[in-house]
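Notes to accompany the following structure.
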Amino acid sequence: MNGAQHILDAFHRHNIGTVFGYPGGCIMPLYDALVDDVGVDHVLCRHEQACALAADGYARASGKLGVCIATSGPGATNLITGVANAHRDSIPMLVITGQVASGMIGTDAFQETDVLGMTLGIVKHSYLVDDAEALPQIMEEAMALATSGRPGPVWIDIPKDILLTEVKALAPSQSSTPEPGTPDIAEALAMLREARRPLLYSGGGVSLANAEDRFRAFANASAMPGVATLKGIGNAGKHNPNDLGMLGMHGSRAANRAVEECDLLFIVGARLDDRATGKLDGFAPNARTIHIDTDAAEISKLRAADVALRGNLNGILAAFTRELERQPLTIDDWWSQCQTWRTTGGFQAADNEEPLAPITGPVFIRQLSRITADNTVIACDVGQHQMWVAQHYHFDHPRHHLTSGGLGTMGYGLPAAIGAQFSDPGTTVINVAGDGSFMMNAQELATIRRYRLPVKIIILDNQCLGMVRQQQELFYQNRESQIDLDDNPDFMAMARAFDIPSLHIERTDQIRRGIETILAYAGPMLLHVSISREENVWPIVKPGASNHEMMDEPKRTTAQKEHVA
Amino acid sequence: MKPKTQTSLPGYTLTCRMAHEAAALERLCQVVRIRGFRITRMNLQSTDGQLDIALTLEGSRPIGMLQSQLEKLHSVAGVVLDEGASQTRSA
Ligand SMILES: Cc1ncc(C[n+]2csc(CCOP(=O)(O)OP(=O)(O)O)c2C)c(N)n1
């Protein structure tokens, strides 16, 4: 068995059935081995960035390891954005690239790039294989590393000669990274019981630890009001009365108000990202903090925790749940206060019943949320539409919401939807894109056609880079700069070129039929939704400001309303 | 670009043991830089596939933050902060 065959063999042994890749010179031995291999489905995307983002979507939706493969040089550099995306959101990923032959490294050979050097900051770990005998152990170690503790991408760069060298098919010793145990919760529990206004603050770490069930049991037992980060949306389940929604820059007024007023923040699997906290000095100014995370480096990174609990989230949350079921918290006044805020300061979208009214993002997303089944997966791109999804779509599970949180990668949604569809061919997967983002990986329509994937694509087309336009309007005296996309291509004609049927809507009374039509269609379908160019995402906190300085939508005058209509 | 002249930054001494893999040192230096510290002295020794590195650093951020980021690196076996040698120094 040569190195390339060994890699496929390792995939088999680890039940990795789907990989996303693109061939080329130095990775050719692996593609040659694929010809004989029937156990690994290789998905050919049309750009390596999309291979990495599809592997990310596959991993997020399923909780399994995502795998992407590319050749040396431009293949590897094209992967970088997708791998950085996975790194910032702690997605388990294995990246395999071919490299020029060992003896050619450092000679500026054709398609040589220093992949190891240029990717150091975007991987959990990386290897340059310099000895074929080491390959089996590296493969085992890499897969264990990518999926354990705080997950992340692990990159293996393999010179072509090593892919062709015979390796001993010895069963390598299983590599495992020790998981931290469950720390003592006594001090934190006492602090929690003492608090009069405790608030649960959860992030993407909950589903990364596969701790969704334990989290919900804990949230119910504590009955604490809760807020979520962008990646924590769905942690509490759909329509949970304790859930105040997303906090932060585009968070709900209720969530940000509760953070401001709470006397204890109970942080679970969140890293106090600046989009969530706003200016740190003004964040939760009256609160003590209990910070629970599997990654020691996240605890007290930005704000010193009063009690830090590092370990496996499942074990820690179960320990709290046992205690709280025995003796519940008494926080009735605070709970009622938060309910009032929830009623008056949740995400509002005037459900415009006027049938001829133009469509707005929030109104469209609310209808989408009502019409789709609970297990629908929504893969977003980046911009205003992403925030409207976060605000107005009710997710029942965090794995149903695929969004590029840390890196904010335009072009994420379509390949991520492809990956998610491969992870569960029976689920409805919808890419909600902006017209700008859609064009960043539009070539993936070819992948959808090739594999006959029933991915639904919704483009909320405001004819501009809406999120940038909004910030230019609000924070740069409305000096619009390079945001116009009024020369967009004909999206429906594009879809047609890939045998994908499409539909265009522009009025409120067309929303339901539009959504129902694409959902009812057995294959892929594109819904082109024209929305107003001027619509903004509200509320908003100015970058660098405190969350309590959040700005609400200025009340529109009747004249303005008519103008928009 | 002119190098920044920093006047009075706290200084620290760390020792770090890590596997002598490809790009080991670059990985270490990359983390030090991105987490906001400057290396003012470095001494290293390679024995039996291990690198022992002594670093003198300066930076205004809490050193504990850098230490925990370095400890997170897969190839790092341990990081020790020399409390005695670490102090606020004036340049
Ligand atoms: C790859 C990439 N380039 C640039 C940006 C900066 N950016 C953030 S949002 C945005 C506009 C997105 O426009 P569109 O996809 O049309 O969505 P909209 O905001 O209009 O809903 C831009 C350019 C980014 N996040 N990612």
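Lettering follows sequence order; numbering is per chain, from 1.
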Under the side-chain contact (heavy atoms from CB on, under 4.5 Å) test, which residues partner Ser60(B), sequence neighbours left out?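 For Ser60(B), the residues satisfying side-chain contact (heavy atoms from CB on, under 4.5 Å) (neighbours in sequence not counted) are Leu9(B).
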If I take atom CG from residue Leu120(A) and atom CG from residue Leu28(B), how far apart are they, to the nearest 0.5 angstrom?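 Answer rounded to 0.5 Å: 11.0 Å.
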So, for Gln30(B) and Gly121(A), which heavy atoms are closest and what is the spacing to 0.1 Å? NE2-CA, 3.3 Å
Turns out that what part of Glu26(B) lies under 4.5 Å from chain A's heavy atoms comes down to both
Measuring heavy-atom distances to chain B, does Asp130(A) have an atom under 4.5 Å in its side chain, in its backbone, in both, or in neither?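 Neither the backbone nor the side chain of Asp130(A) comes within 4.5 Å of chain B.
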Under 4.5 Å from any heavy atom of chain B - which part of Ser300(A): neither
A side-chain contact here means heavy atoms from C-beta on lying under 4.5 Å apart; do Ser68(B) and Glu298(A) qualify? no
Contact check, side chains of Lys72(B) and His125(A), non-hydrogen atoms, under 4.5 Å: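 In short, these two side chains do not touch, never coming nearer than 4.5 Å.
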More than 12 heavy atoms of other residues, nucleotides or ligands under 6.0 Å from [atom1] of [X]: yes or no?
{"X": "Arg310(A)", "atom1": "CZ", "value": "yes"}
{"X": "Glu187(A)", "atom1": "CD", "value": "no"}
{"X": "Met65(B)", "atom1": "CE", "value": "yes"}

side-chain contact (heavy atoms from CB on, under 4.5 Å) evaluation trace for Val123(A) with His74(B): CA-CA 11 Å; Val123(A) 294; His74(B) 177 63; over 6 Å; no
